[in-house]
Each structure stands twice: as structure tokens, then as C-alpha cells.
Number of protein chains: 2
Amino acid sequence: MKIGELSKTSGCSIQTIRYYEREGLLSDPERSEGNFRLYSNKALKELEFVKHCRSLDISLDDIKRLIELKNKPEESCSSVNELIKQQLNLVNKRMKELKALKNELQHMASTCNSDNTIEGCGIIKSLDS
Amino acid sequence: MKIGELSKTSGCSIQTIRYYEREGLLSDPERSEGNFRLYSNKALKELEFVKHCRSLDISLDDIKRLIELKNKPEESCSSVNELIKQQLNLVNKRMKELKALKNELQHMASTCNSDNTIEGCGIIKSLDS
DNA sequence: CTTGACTCTATAGTTACTATAGGTTTTATA
DNA sequence: TATAAAACCTATAGTAACTATAGAGTCAAG
């Protein structure tokens, strides 16, 4: 299939597919006589792997590492595990931050009386302090 | 005070301060004879306002809007309230995403037996599906 | 009067894409 | 068969919010 079809099947934009290729996350596809990219089902699988990783917010660099590891099936998977754990740490950290953030925003919103002028607005006041 | 001192007092890097100035979030400071930026306490307050907003993940564009609103003390503060509510929505949305993400990552981590080879690694398997 | 710390501007790099310009190839229609 | 439209190509620039660098000027201390 050509890139347009791969794009529709995978849900990745054409530009993103070409970008992943440039970044070395997808293997170089065959080319038609007119230099169009030609993809197999294997290529679709590769792309879906990347997509799945991205949906877990794994960075492109880390995805590259995972792909390399995938290609060494005899090695220990402890590095894969390590990577996932680190990702989990990142997520946990970000969640904590977001919780604190949510609390402050909620508190701020509660201090606003919409009939007020900005002069007396509790939100602006709390941002000022 | 000069930019170095402002940087230390505020905890913002010198580059960030200059960047905020370029972006119109800080008013243009006085300059010394040798063209060094000279800041007052008012400037420090301005910077702290921006910093506080950023700690709430409010975008620079939105901060600009808040600053404009701050300078119209007689207007209704409903737009300020609206902005904060939208910010809260963003945060809530992101938190939901992160929760889903965390669940999947945790599940994945649990399928890994560190003594395994990558061949049999549950993490890679679930990323593949 | 020189050294070193500080500051200046302008520019490029970061992440993960998205968008555009300008050109080629393929496919569909007249 | 001619041509127009759709799909594709590469290369480059833009996005957010900074951070880092190069190369130069300024200022205080010894």
C-alpha cells in the first residue's frame, strides 16, 4: 500500500509517518518506480508499535531504544522493565503536579464572584501573591 | 537591580526573563548608561505574577490576556473566571489521560518477569498488540 | 590597566509534530 | 489520447516555552 492508505489504516498523518521514518523509528520502505513509498503489513505493525508507545507518552528516543531491544530477543528484558518503570515514575510525578495545580485552580475559581469588577477579583489577587 | 539579581531573587533564569520581555509579558525595563537592564520592585512583582501563572500551567498567551485584564480594574472579572475554568478543564482532561496511562503502564510492568528474555517479555508483547 | 564577572544581542537547538512551497507521478475523466 | 485532479515527493519553516551558544561590550577590583 502507499502512504495515504497506511495513513488511513493507522490513523497517523502522512507527515508523521514520514517524520518517524526520518527519525529511524520505521524501516525504510520499498519504493515504486515513481519513487512512492510502498508499505507491507509488517510496516503497518511497526507503525502501530510506535503509535501504541506514543499513546503511553513514551518519548521517541525511548521508543527507538525499545525497538532495538525488540530486535535482540535473547537478551534480558530487565532494561525494558526499567524503561517502563521510569515512564511510570514520570507519569506519577506529573499526576502529583496536576493534583496540586487542580487544587489551587479550584480554590481560585471559588474566590471569584462573577459580578465583581477585576479590581476586587479574588483570582487576580491570589495570582498576585 | 540588574538582571542577575532579579534572576536570583525570582528564581527565573536570565534568559527566561529576557524571553518574557521579548514576548511582552514584562514591561520594558529602564536601562543603565551601558545599556544594562535595571529593575525595580514593581518589575519583580510583574515577574512573580508571570511565574505564578506559569506554575499553574497557564500559557504565555493566556498570561498576556490576564495582564491586560489586570490593567482594566473596572471591568467585570468574568473573563478572568472563564480563563481559570478553562485551565481547570485542561488540567482535568490531562489528569484523566494520565490515569489511563498509569493503569496501562502498571499492568504492563506487572507482566514482566525480570529473569525473562525479551523474546518472552510481557511488556513487549502488550506493546505489540 | 588588566582581568574576570557580568551583561548585551542575535541566533540556533530542544520535542514531536504540523504546515507549506514547489515539483513529480499516477489515476480518472472528457 | 489529452488533460486535469489527486496523490505523492523533498526540503524547509513554524509551533510552545524555553535553553544554550557565539561574539561582543561594560564594569568593578586588584
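Heavy-atom basis, side chains included; hydrogens, waters and symmetry copies ignored. Per chain, numbering begins at 1; letters A, B, ... match sequence-line order.
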Residues 17-25 of chain A, side-chain donor-acceptor partners within the protein, below 3.5 Å, at least two apart:
residue, atom, partner, partner atom, Å
A:Glu21, OE1, A:Arg37, NE, 2.7

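DNA chain D is contacted by B:Ser13, B:Gln15, B:Thr16, B:Tyr19, B:Tyr20 of residues 3-24 of chain B, taking any non-hydrogen atom closer than 4.0 Å. Residues from residues 39-65 of chain B with heavy atoms under 4.0 angstrom of DNA chain D, sorted by number: B:Arg54, B:Ser59, B:Leu60.
With sequence neighbours excluded, no residue forms a side-chain hydrogen bond (donor to acceptor under 3.5 Å, both in side chains) with B:Asn103. Checked against side-chain contact (heavy atoms from CB on, under 4.5 Å), B:Lys99 has the following partners two or more places apart in sequence or in another chain: A:Met95, B:Met95. Checked against side-chain contact (heavy atoms from CB on, under 4.5 Å), B:Glu82 has the following partners two or more places apart in sequence or in another chain: B:Gln86. A:Arg65 pairs by the side-chain hydrogen bond (donor to acceptor under 3.5 Å, both in side chains) definition with A:Asp62, not counting sequence neighbours. Checked against side-chain hydrogen bond (donor to acceptor under 3.5 Å, both in side chains), B:Glu46 has the following partners two or more places apart in sequence or in another chain: B:Ser27. In terms of the side-chain hydrogen bond (donor to acceptor under 3.5 Å, both in side chains) criterion, B:Asn89 has no residue partners (sequence neighbours excluded).
Considering only heavy atoms from C-beta on, A:Asn41 stays 4.5 Å or farther from A:Lys45 through its side chain. Here the side chains of B:Leu66 and B:Cys53 are in contact, with some heavy-atom distance below 4.5 Å. B:Leu44 places a side-chain heavy atom less than 4.5 Å from the side chain of B:Met1. Side chains of B:Ile58 and B:Ile84 form a contact here, defined as non-hydrogen atoms less than 4.5 Å apart. With contacts defined as side-chain heavy-atom distances shorter than 4.5 Å, the pair B:Glu119/A:Lys70 does not qualify. Counting only heavy atoms from C-beta outward, the side chains of A:Leu38 and A:Pro29 never approach each other to under 4.5 Å. Taking 4.5 Å as the limit, every side-chain heavy atom of A:Tyr39 sits out of range of all side-chain heavy atoms of A:Leu47.
Ionic pairing of A:Arg94 and A:Asp57 is not present here: no N-O contact between side-chain nitrogen and carboxylate oxygen is shorter than 4.0 angstrom.
Protein chain A touches strand DNA chain C; the 5'-most and 3'-most nucleotides with an atom under 4.0 angstrom of its non-hydrogen atoms are C:dA16 to C:dT27.
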For nucleotides 24-30 of chain D, print each protein N/O atom paired with a nucleotide N/O atom at under 3.5 Å, atom names and distance only.
residue, atom, partner, partner atom, Å
D:dC27, OP1, B:Gly34, N, 3.3

Between protein and nucleic acid, restricted to nucleotides 2-6 of chain D and to nitrogen or oxygen atoms under 3.5 Å apart, what atom pairs and distances do you find?
none

